[in-house]
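Structure, as structure tokens:
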Amino acid sequence: TSKMSAAIASLASYGSDSDSENESESNTSPEKVDPDATAHLKPLQSGPTMSLAVLNSAPEVAVKEAVETGIHLDPSLKEVSYNPTFETMFAPEFGPVNPYKTQQMAAPRNMLSGYAEPAHVNDFMFEQQRRTFSTFGYALDPSIDTSQVSSNSYIGAVDEAEKNKGLTVFESGSKKSEKRKKVKGGDAAEIDNFLGPWAKYADEKDVAKPSEEEQKELDEITAKRQKKGRNEEEAPAEEKTILHVKDMYDYQGRSYLHVPQDVGINLRSADVPDKCYLPKKQLHVWSGHTKVSGNGKQFVGLFACSLYLPVKMSAGSVGDDRCHSKAVRDICFNNSGNQFLSAAYDRYLKLWDSETGQCISRFTNRKVPYCVKFNPDDDKQNLFVAGMSDKKIVQWDIRTGEVVQEYDRHLGAVNTITFVDENRRFVSTSDDKSLRVWEWDIPVDFKYIAEPSMHSMPAVTLSPNGKWLACQSMDNQILIFGAQNRFRLNKKKIFKGHMVAGYACQVDFSPDMSYVVSGDADGKLNIWDWKTTKLYHRIKAHDKVCISALWHPHETSKVITCGWDGQIKLWD
């Protein structure tokens, strides 16, 4: 007990509010402590004197009117184990209301924009209503029970819904008409009388007669066919020629086809110049042609073969005096130059005498010939081939006037024919974007070249040494193919820099194989170096398309061009 009283005294002194250490040291005498103040620190005294106090567990409390009564659910509660009333479910939360919350923020919600209730809708029903709304402009109100559908149950174009009686896109289609009834075919056991599925319809008429409108259309079609047939069977136009020189014969009685001897160069020689040079200036212009005919190649062909003499036969012109009723597409001279073939859009091929201008023979298979070539062999000068619009290459014999062979493998109109490999083979190009190689007189191509990157090649020229084929491609490139054995594309020799898409601009080589020349759509003459494929020189040659360019086979720098402006020009 003495220790206990000492502890109490120290606690009492700790709680005293002494002002200074001197004062605490001077009051050393113990003060009297109230026994009730420390009663809770003393142990309970056992004995009969102890009594229990009565505790009221439910005292009466004054209830204020502002305090709400009822059961309140925790808003974060996920599951309720009993069936609460609406007021209980949506009762306000306990506690003060946030005065700064807007009405939208204070409303019950489970996402940023509001309260979303999950709804389970059949995919077909949803798609049906969506399509109906996009088609007719109305749909069923999803918040209304479908069992209680009325005129007020639709949203959108309600008038349309009433007009269509609320039909959806799947229900608004017209009903299928009833099937036509067939005549009953009797019993299957009776073979002669049984019709089965072959029975006629009950309302079927045995005789069909066209109505007045149908009869009128049939008459028009028949008239067109008859007219078309008459056009095909029309006789070829009367041939006429024009000579644009003073005299047909010179003082020695020689024809204008005689090779000139006084031009400073031997035109009969087979030797090629040692070195060729770039042409730089214009020497002369021939403007005898008033209109452009075909692809223009015949201008240079006629001019080059007449050797500097400005001869215009009607095969090279489409004027008042014509050899063909329509434009000329191509011409080809024989080896001696005394005859030439012309191919025109009037579907005729004609053989001409170069000196007199008389038409010797006519050939046709009722198709448009796009190109024509004599067989270059001296013993086969009576044979020629023509590439036709109906995808065939047709071979004629001049002596009989009949077709002796057909090469039918191309898938488009044939544009060019070029003889290679000492005239044992020929190469053809077509609108089908392919290149085919043929053995002479064998109607099956032994080589077929067609790549996805290839374009149509409407102009092809064989090099002077016979090793290469220069092909003008419609993707503004000149491609070089080997002309011996493999006929592979030489990827190192591709000439670019000019624009020829849509035009069959003729290509040529210089005699010494130093340069490649070509016209283009801008009327320019382009000259490339053969070894480096570099574009050396460009000359503005014509006002319109420069359709062909030929290097003189005996001169070092003379180039002849022709264009759609109707002019032939000599450059040096």
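Quick note: numbers below take in every heavy atom, side chains included, and nothing from hydrogens, waters or symmetry partners. Residues: numbered from 1 along the sequence shown. This is a predicted model, so every value here is computed, not measured.
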Distance-only polar pair, side chains of [X] and [Y], donor-acceptor under 3.5 Å:
X    : Y    : answer
Q215 : D219 : yes
T533 : W528 : no
D353 : N338 : no
T429 : T416 : yes
D378 : N335 : yes
S287 : Q567 : no

Can you list the steps and then say if I331 with V372 is a side chain to side chain contact (heavy atoms under 4.5 Å, CB included)?
CA-CA 7 Å; I331 70 162; V372 61; 5.7 Å; no

Considering residues, nucleotides and ligands other than [X], do more than 12 of their heavy atoms fall under 6.0 Å from its [atom1]?
X    : atom1 : value
K496 : NZ    : no
K493 : NZ    : yes
R424 : CZ    : yes
N83  : CG    : no
K182 : NZ    : yes
F194 : CZ    : yes

How many angstroms lie between [atom1] in [X] and [atom2] in [Y], if you round to the nearest 0.5 Å?
X    : Y    : atom1 : atom2 : answer
L435 : I449 : CG    : CD1   : 5.0 Å
N375 : K373 : CG    : NZ    : 12.0 Å
D565 : I547 : CG    : CD1   : 11.5 Å
N382 : N334 : CG    : CG    : 11.5 Å
N490 : L479 : CG    : CG    : 10.5 Å
L469 : T461 : CG    : OG1   : 8.5 Å

Compare every heavy atom of [Y] with every heavy atom of [X], then report the nearest pair and how far apart it is.
X    : Y    : answer
M457 : V460 : O-CG2, 4.3 Å
S389 : K367 : OG-CB, 3.8 Å
V500 : G519 : CG1-O, 3.6 Å
G563 : H542 : N-CE1, 3.5 Å
L462 : A483 : CD1-CB, 3.9 Å
K433 : S456 : CG-N, 3.8 Å

Could you walk me through whether K391 and V414 pass side chain to side chain contact (heavy atoms under 4.5 Å, CB included), step by step?
CA-CA 6 Å; K391 314 170 190 176; V414 181; 5.6 Å; no

Give the C-alpha distance, both sets of side-chain angles, the deciding distance and a yes or no for side chain to side chain contact (heavy atoms under 4.5 Å, CB included) between R225 and I221.
CA-CA 6 Å; R225 285 179 179 173; I221 293 169; 3.9 Å; yes

Is [X] reaching over with its side chain to a backbone N or O of [Y], donor-acceptor style, under 3.5 angstrom?
X    : Y    : answer
T561 : A549 : no
E160 : F136 : no
D346 : S325 : yes
Q381 : D377 : yes
R347 : R366 : yes
S473 : Q477 : no

Tell me, do [X] and [Y] make a side-chain contact under 4.5 Å, heavy atoms counted?
X    : Y    : answer
P458 : M474 : yes
F363 : I398 : yes
S428 : W438 : yes
S434 : M454 : no
Y138 : T132 : yes
T168 : E171 : yes
V507 : V516 : yes
W352 : I360 : no

Examine [X] together with [Y] and report whether their ring centres are nearer than 6.0 Å.
X    : Y    : answer
F481 : F487 : no
F170 : F124 : yes
Y503 : W564 : yes

Out of H455, Q506, H498, which one pairs with Q472 under the side-chain hydrogen bond (donor to acceptor under 3.5 Å, both in side chains) rule?
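Exactly one candidate clears the test, H498.
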
Any residue meeting ring pair (Phe, Tyr, Trp, His ring centres under 6.0 Å) with Y115, in chain and number order, not counting sequence neighbours:
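Checked Y115 against ring pair (Phe, Tyr, Trp, His ring centres under 6.0 Å); zero matches.
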
Intermediate values then yes/no, side-chain hydrogen bond (donor to acceptor under 3.5 Å, both in side chains), N415 and D431:
CA-CA 7 Å; N415 291 323; D431 284 345; 2.8 Å; yes

Taking the basic N atoms (NZ, or NE/NH1/NH2) and the acidic carboxylate oxygens, is any pair closer than 4.0 Å for [X] and [Y]?
X    : Y    : result
K216 : E212 : no
R180 : D203 : yes
D522 : K524 : no

Anything under 30° is parallel, anything over 60° is perpendicular, the rest tilted; go ahead and classify F86 against F90.
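The arrangement is tilted - the two ring planes meet at 30° to 60°.
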
Geometric class of the F384/W396 ring pair [parallel <30°, tilted 30-60°, perpendicular >60°]
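Aromatic pair W396/F384 classed parallel.
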
Apply salt bridge (charged side-chain N to carboxylate O under 4.0 Å, His left out) to K392 and list each qualifying residue two or more places apart in sequence or on a separate chain.
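For K392 the salt bridge (charged side-chain N to carboxylate O under 4.0 Å, His left out) partners, ignoring immediate neighbours, are E406.
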
Determine, stepwise, if the pair E127 / R131 fulfils salt bridge (Lys or Arg N to Asp or Glu O under 4.0 Å).
CA-CA 6 Å; E127 190 64 17; R131 289 191 183 185; 3.3 Å; yes

By the definition ring pair (Phe, Tyr, Trp, His ring centres under 6.0 Å), identify the one residue from F446, F374, Y407 that meets it with F426.
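Of F446, F374, Y407, ring pair (Phe, Tyr, Trp, His ring centres under 6.0 Å) with F426 is met by Y407 alone.
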
Chi angles and distances behind the salt bridge (Lys or Arg N to Asp or Glu O under 4.0 Å) call for D445, R436
CA-CA 6 Å; D445 52 328; R436 295 175 192 259; 2.9 Å; yes

Y348 ring centre to R362 NZ or CZ under 6.0 Å, with the angle to the axis within 45°?
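Checked: cation-pi criterion not met.
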
